[in-house]
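Written out below as structure tokens is the structure these notes cover.
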Amino acid sequence: ASYGLFVAATCKQKYPERYNRLVQALSTAVTDPAYVKVLGVDQPELVYQTPSVFATTVDQETSVIKDLISKYPSKFSSS
């Protein structure tokens, strides 16, 4: 399973201190056994990605999904 957190694009510019605290909290949380237990996953499954790496990952996955929809439109239609 993949977990990610999205915030408004303007968050970093408007509230840099809050944004940085959020980034720090998430990078710390993935190594906190109590947090990992709440998620119900094994520790090795959690990998922290910096915001820029996560954005790149999301862009790449979005591209793959768009390609699949283009190649197999009947598999994604409601009819």
Side-chain angles (χ1 to χ4, degrees):
S2 294
Y3 300 91
L5 178 67
F6 293 86
V7 298
T10 58
C11 179
K12 186 176 182 179
Q13 292 80 27
K14 288 175 111 176
Y15 309 103
E17 187 176 317
R18 292 179 193 175
Y19 176 82
N20 289 328
R21 279 190 280 172
L22 178 61
V23 169
Q24 182 59 47
L26 290 172
S27 68
T28 301
V30 298
T31 60
D32 180 341
Y35 179 72
V36 174
K37 185 176 179 181
V38 167
L39 291 178
V41 298
D42 292 326
Q43 178 64 39
E45 292 181 40
L46 291 178
V47 177
Y48 174 76
Q49 293 182 334
T50 64
S52 61
V53 170
F54 183 67
T56 299
T57 300
V58 170
D59 289 344
Q60 290 169 344
E61 290 177 357
T62 299
S63 178
V64 169
I65 291 167
K66 285 180 178 180
D67 287 347
L68 286 171
I69 292 170
S70 294
K71 288 179 185 175
Y72 307 103
S74 64
K75 302 290 184 186
F76 297 94
S77 67
S78 59
S79 51

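Quick caveat, the model's predicted, so the values are computed rather than measured.
Atom CD1 in I69 sits 12.0 Å away from atom OG in S74 (nearest 0.5 Å). Rounded to the nearest 0.5 Å, atoms OH (Y19) and OG1 (T10) are 11.5 Å apart.
Residues Y72 and I65 share a single hydrophobic cluster, defined by chaining ILVMFWY side chains whose heavy atoms lie under 4.5 Å apart. By the rule that hydrophobic residues join a cluster once side-chain heavy atoms approach within less than 4.5 Å of another member, L39 and V30 end up as members of one cluster. Hydrophobic clustering places L22 together with Y35 (ILVMFWY residues linked when any side-chain heavy atoms are closer than 4.5 Å, directly or through intermediates). Under the 4.5 Å side-chain heavy-atom criterion for ILVMFWY residues, no single connected hydrophobic cluster contains both V23 and F6. Grouping the Ile, Leu, Val, Met, Phe, Trp and Tyr side chains by contacts below 4.5 angstrom, directly or via other members, places Y48 with L5.
Closest approach of V36 to A29, counting heavy atoms only: CG2-O, 4.4 Å. Residues G4 and F54 share a closest heavy-atom pair of CA-CZ, 3.6 Å. Shortest non-hydrogen contact noted between C11 and V7 is CB-CG2, 4.0 Å.
Surrounding CD of Q13 are more than 12 heavy atoms belonging to other residues, nucleotides or ligands, all under 6.0 Å away. Other residues, nucleotides and ligands contribute over 12 non-hydrogen atoms within 6.0 Å of the CZ atom of F76.
Of the possible polar contacts, none joining the S63 side chain to the D59 backbone as a donor-acceptor pair under 3.5 Å is found.
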